Structure formats: C-alpha cells, structure tokens
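Inspection log for the structure reproduced underneath, given as structure tokens.
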Amino acid sequence: HAFVRYLMQGVQVARLAIRLLGEFGLAVDGASIHAIQPGRQQELLGYLLLHRGTSISRRHLAFLFWPESSEAQAHANLRNLLHFLRRALPGSDEYLHLESRSIAWRSEQPLNFDVATFEEALARAAAAQRTGDSAVLRHALEHAVEVYQGDLFPGCYEEWLLSERERLREHFTIALDQLISVLEQAREYAAAISCAQRLLRHDPLHETSYRRLMTLHAANGERAAALRTYHACVTVLERELGVEPQAATQAVYARLLESTGLMTEQTVAPVSTAPLMVGRQTEFSALLDAWRAATAGKPQAFIVYGEAGIGKSRLLEELRHWAAQQGATTLNTRSYAAEGA
C-alpha cells in the first residue's frame, strides 16, 4: 500500500516505477510487473539504476557479477542476462543505452525510482533546515521515511552493494531521528513514539533510541510503557551483546522508578494539549536541549523574556510538565512587581 501511495504522489505518474528499498517492486502505468526474476536479473537492473547516467563497461560488469568465471564465459553470461532483462523490462530500449563495450541507464527518461525519491526528500530536508523552514522540513522528513520501506536489496550480499546499503541505512536513521525531534518539539508524542519504535526495529541495539522512547512515553503520561521499554533494552543488550545499559539509560530508569506512584494531580498540574503558540517551537526546542544538557551533568540557566501576553508562562509550564513527567523534582515560585526601586 505504501508503494502504491508512493507511485501516486506526483501530479503525473511516470510510466515506469521501480522500488529497491525493501521488497523489489516494478510497475508500469501503475500495474505491477513480475517478469524480472530475483537474483542476477534484479541485481543487474539495480546496479544500472544506482549508477544511472553513467556509462559502465561490459568488462567491468562481467567481472563484477562473475568474478570466478573466465573472461569469455563472464561476457557470455552478461549477454544472456541482458537479453532476458531487455525482454522482461517493458520499454527497455527507452531506458537502456547499449553499446558494444558499455551499458548505461538513460537518466533523462522519466522514472519513479524510490532511492532517487528518498535522496531528493533528504536534500529538501537539508535545505529547509538551513533556512529554518520547519513546515517544509517536517514534510520532507515524513516523505523520506515513508519512501524508505526497508534496506536496499535486503536479500543480496554482493560486495558492491554493501557500502551503498549501509549509506542509505545511515541516512534513514538520521532522517527518522530528526523527524522524532520535530514531532517531539510539536508535542505530538504519539507520532514521535511510533517513529521511535520504528527506529528501534530498524536498529534494535541503538541504546540511545531506548532512552528517547522512554522519555517520550513519560512525556505522554505512559510511565508503565517507559519502564517496559527499559526492561526491553536490558533484555536485548544482555542477549545480543552481553552488556548492561549505559549509566545514562539507568539514570532515566531510576528517575522514572522513583517517581512512580508519587505523581498526583496536585504535584503535576495538567497542561493544555493545545499546540504551542505559533512561532514558539524553536524556543521549546531550546528548552528541551537545556533539559538534556542538565540531565547529562551540565547545569543550565536561561531567561525567558518579552512583552506581556506572548506566552512566556505557558512555555515555562510546558518545560516544568515535561521535566516532571521524566521523574524530576520541580520547584515553582514567582515574584510580583512593586513600587520603588
């Protein structure tokens, strides 16, 4: 279903659409095609797509795919593979530029290619981050993580593929982590939790993600889920690596454990679930950064100032609620204006 949504995103759908992220997919005019067989046919198509616009020598391809064969046999294998690929790929002559010594995928031809779409979304996100356009940043990140439906050719372990697969995995991890931050700053904790859970499925040994998920559950008022996340972290690290969680992870757990059953309606007043005032996401993000620095052992102080009625008190109450949900003790007092110096 995600692949179908991806195909229909543009105003005009390209005639050919190919997916290499996750399960291989090929569609023409929206109709799935299953003629290209798993194995060498899909791998050769993938290699040409990943190097689209580049002329690749037949000798290089023959050696790459059949390194243990003689040169004559490798070239014969390549010719046969190209023959079957051209027959299986609709409109192959529009996309493949074949010469006696080289092969190239014509990059000028219209194509919906998920790897290209993923990288284009990442580029838009990077540009939006530089200009501070939070709306475009969020949309681009959501688009990128939706398109990334799995690792590049997950069933293939050819050496030429491994570095490219790892590069795309790393970019996906960074994009998903950025999206979690964007959702967290918008106080959309349920959506942020869903993304954090997906990040853990993507990399179950990434301990920082467990801490992130614990704090998000706590911020959403799901203290029991936060504690369960810690126990899941302990189990996975012990089973896979034979180690205990880091001190920072244990500290988050200890704060949550100590506060369980002690938080009441009187000690932590409910905070409005309405979105923060427009234009306050940057300030709230800065306050969360200060909170994280403080929990890492670097005491923080900050001043919130401005004209009356712009939401200063609301902003600070949000931070106090956030810290209390993480198991921290919070103190609140105020002073009043008086006549005189």
Side-chain angles (χ1 to χ4, degrees), residues 1-56 61 65 81-98 103-127 136 138-156 158 160-162 164-173 175-176 179 198 202:
H1 294 298
F3 187 41
V4 172
R5 290 198 304 273
Y6 156 68
L7 293 178
M8 301 303 295
Q9 280 171 353
V11 175
Q12 291 183 335
V13 179
R15 180 171 179 263
L16 183 64
I18 300 176
R19 182 182 65 197
L20 299 184
L21 296 172
E23 184 180 355
F24 178 86
L26 171 65
V28 177
D29 294 331
S32 296
I33 303 296
H34 303 285
I36 297 182
Q37 300 300 311
R40 293 297 190 197
Q41 287 186 26
Q42 292 183 4
E43 291 167 15
L44 177 59
L45 176 61
Y47 189 91
L48 295 174
L49 283 166
L50 293 172
H51 298 84
R52 57 197 179 281
T54 302
S55 181
I56 307 167
L61 288 171
F65 282 86
L81 187 59
L82 281 171
H83 171 73
F84 287 115
L85 181 60
R86 292 179 65 190
R87 290 184 58 186
L89 180 65
S92 59
D93 291 340
E94 300 176 16
Y95 298 98
L96 294 176
H97 179 65
L98 304 180
I103 307 168
W105 184 279
R106 300 179 189 270
S107 58
E108 71 276 7
Q109 294 297 327
L111 172 72
N112 276 338
F113 178 37
D114 61 348
V115 174
T117 303
F118 174 68
E119 294 185 316
E120 289 164 4
L122 294 181
R124 289 199 307 274
V136 173
R138 175 173 176 170
H139 182 269
L141 291 172
E142 288 177 335
H143 190 190
V145 300
E146 181 181 13
V147 170
Y148 193 97
Q149 292 296 304
D151 288 340
L152 179 69
F153 270 134
C156 177
E158 297 294 334
W160 61 266
L161 183 68
L162 299 181
E164 182 67 5
R165 176 189 294 160
E166 188 57 34
R167 183 184 71 84
L168 294 172
R169 276 181 61 90
E170 183 177 353
H171 284 319
F172 170 70
T173 299
L176 192 52
L179 181 57
R198 182 177 177 186
H202 179 68

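Computation of the quantities below employed the complete heavy-atom set of this structure, encompassing side-chain atoms and omitting hydrogens, waters and symmetry-equivalent molecules. These figures come from a predicted structure and were not determined experimentally.
- Contact record, Ala88 with Ile33: O-CG2, 4.4 Å, taken as the closest heavy-atom pair.
- The shortest side-chain heavy-atom distance between Trp105 and Leu45 falls under the 4.5 Å cut-off.
- Minimum interatomic distance between Arg106 and Leu96 (heavy atoms only, all atoms of both residues): NE-O, 3.8 Å.
- To the nearest 0.5 Å, atoms CG (Leu141) and CG (Leu176) are separated by 9.0 Å.
- We find that Arg169 and Glu164 are not joined by a salt bridge, their nearest charged nitrogen and carboxylate oxygen being 4.0 Å or further apart.
- If you take CZ on Phe153 and CG on Leu20, they are separated by 4.5 Å, rounding to the nearest 0.5 Å.
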Report task. Kindly determine whether Arg165 and Cys156 satisfy side-chain contact (heavy atoms from CB on, under 4.5 Å), including the steps that lead there. Result -> CA-CA 10 Å; Arg165 176 189 294 160; Cys156 177; 4.1 Å; yes
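- The minimum heavy-atom distance linking Ile18 with Phe24 is given by the pair CG2-CE1, 4.4 Å.
- No more than 12 heavy-atom neighbours from other residues, nucleotides or ligands sit within 6.0 angstrom of CD on Glu170.
- With hydrogens and angles ignored, the 3.5 Å screen pairs a side-chain donor or acceptor of Gln149 with a backbone N or O of Glu146.
- Note that CG of Leu26 and CD1 of Ile36 are 5.0 Å apart. Values are rounded to the nearest 0.5 Å.
- Of all the heavy atoms in Pro90 and Arg15, the pair that sits closest is O-NH1, 4.2 Å.
- Taking both residues in full, the closest heavy atoms of Leu168 and Glu119 are given as CD2-OE2, 3.9 Å, listed atom of the first, atom of the second, then distance.
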Query raised in the report: Could you walk me through whether Leu89 and Leu16 pass the side-chain contact (heavy atoms from CB on, under 4.5 Å) check?
Result: CA-CA 10 Å; Leu89 180 65; Leu16 183 64; 4.3 Å; yes
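- Between the side chain of Gln41 and the main chain of Gln37, a donor-acceptor pair closer than 3.5 Å is present.
- The closest side-chain heavy-atom distance from Glu43 to Glu158 is below 4.5 Å.
- Summarising the geometry, atom CZ belonging to Phe118 is positioned 7.5 Å from atom NE2 belonging to His171; distances are rounded to the nearest 0.5 Å.
- Looking only at side-chain heavy atoms (C-beta outward), Val115 and Leu49 stay at 4.5 Å or farther from each other.
- The structure places CD1 of Ile103 at 4.0 Å from CG of Leu82, a figure rounded to the nearest 0.5 Å.
- Residues satisfying the salt bridge (Lys or Arg N to Asp or Glu O under 4.0 Å) test with Glu23, not counting sequence neighbours, are none.
- Side-chain contact between His143 and Thr117: present, with at least one pair of heavy atoms (C-beta onward) separated by less than 4.5 Å.
- Around atom CZ of Phe84, no more than 12 heavy atoms belonging to other residues, nucleotides or ligands sit under 6.0 Å away.
- Leu81 contributes atom CG, which lies 8.5 Å from atom CZ of Arg40 (distance to the nearest 0.5 angstrom).
- For Glu94, there are no salt bridge (Lys or Arg N to Asp or Glu O under 4.0 Å) partners two or more places apart in sequence or in a different chain.
- Arg124 meets the salt bridge (Lys or Arg N to Asp or Glu O under 4.0 Å) test with no other residue; sequence neighbours excluded.
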Requested in this report: Tell me, with the steps shown, if His202 and Tyr148 meet side-chain contact (heavy atoms from CB on, under 4.5 Å).
Outcome: CA-CA 11 Å; His202 179 68; Tyr148 193 97; 4.1 Å; yes
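- Using a 4.5 Å heavy-atom threshold, the side chains of Thr54 and Leu48 count as separate.
- Nearest approach of Phe113 to Arg52, heavy atoms of both residues: CE2-NH1, 3.4 Å.
- No more than 12 heavy-atom neighbours from other residues, nucleotides or ligands sit within 6.0 angstrom of CZ on Arg86.
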